[in-house]
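One structure is given below, encoded as structure tokens.
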Amino acid sequence: MPITRREALKQTALIGTAATLAPSLLAQSGERAPQVKLPDLPYAADALEPAIDAETMRIHHGKHHAGYTRKLNAALAQLPSSTDPEAILQKIPAAPQVLQTTLRNNGGGFYNHRLFWETMAPPGAGGGGVPHGALAAAITRSFGSFSAFQELFSKAAATRFGSGWAWLIKQPKGGLAVTSTPNQDNPLMRGLVPDAEIGTPLLGLDVWEHAYYLHYQNRRGDYISNWWKVVNWKAVQARFS
Ligand code: MN3
């Protein structure tokens, strides 16, 4: 299909700008198959009730996460083939400048939600309770006790102004810390979040209103306290080790 001269000029200008900023990172061709796939939920949409209602899960996964995935793929199509999302999030300031905001928002959105689904499980079927083994020991070492950790994490989630996430991270030197990021930022984003908050995300809680408003309206605190009943500590332990 022919493209107009105006469109051709626009495309050339866009690619020209990006190429000036980071020539080696730009793909030769913009057309490639999608690189990341929206993961299926690891349980039924109603499986986390009553902590998280089915309708919220359907919209959150089928609309929000799907949207981040689609927009991330559009950005990845403009990068060369080595585009593991996790590796990209660690080096966003090195990406072509025209793609940085998209990679930050949608790469973060893709990664954060995938982790969110994976680290929850139905209450009584892997969800809730307390961590065991090495993870439990590390939590006690870093925070004094599990309940002290829980309180710190809940507070980080409750006091995140506007939209964002609360995190339990494993720091580069091995210690654990609780942090919080705005929007879809996450602890992998070196150069974008403070150095002290860089680490491997072990557990994340989405406190965007889209994550709870249908069921909880403005009661973010109730959402947070019920969410502990669906945390999949076995999955968190697997990420830790
Ligand atoms: Mn969300």
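Ligands are counted one by one from 1 in listed order, and the atoms in each one are counted from 1 as well. Numbers here simply count residues along the sequence, with the first being 1.
- Angle OD2 (D206) to the Mn ion (ligand 1) to NE2 (H113): 100°, rounded to 10°.
- If you put the vertex on the Mn ion (ligand 1), NE2 of H60 and NE2 of H210 sit 90° apart, to the nearest 10°.
- A donor-acceptor pair shorter than 3.5 Å cannot be found between the side chains of W167 and E197.
- Listed for the N183 side chain is no donor-acceptor partner under 3.5 Å among the backbone atoms of D185.
- Shown are D53, N226, T56; of these, the side-chain hydrogen bond (donor to acceptor under 3.5 Å, both in side chains) with Y216 is made only by N226.
- Using modelled atom types and a 3.5 Å distance limit, the side chains of R219 and Q217 yield a donor-acceptor pair.
- Taking backbone and side chain together, H65 holds no N, O or S atom under 2.8 Å from the Mn ion (ligand 1).
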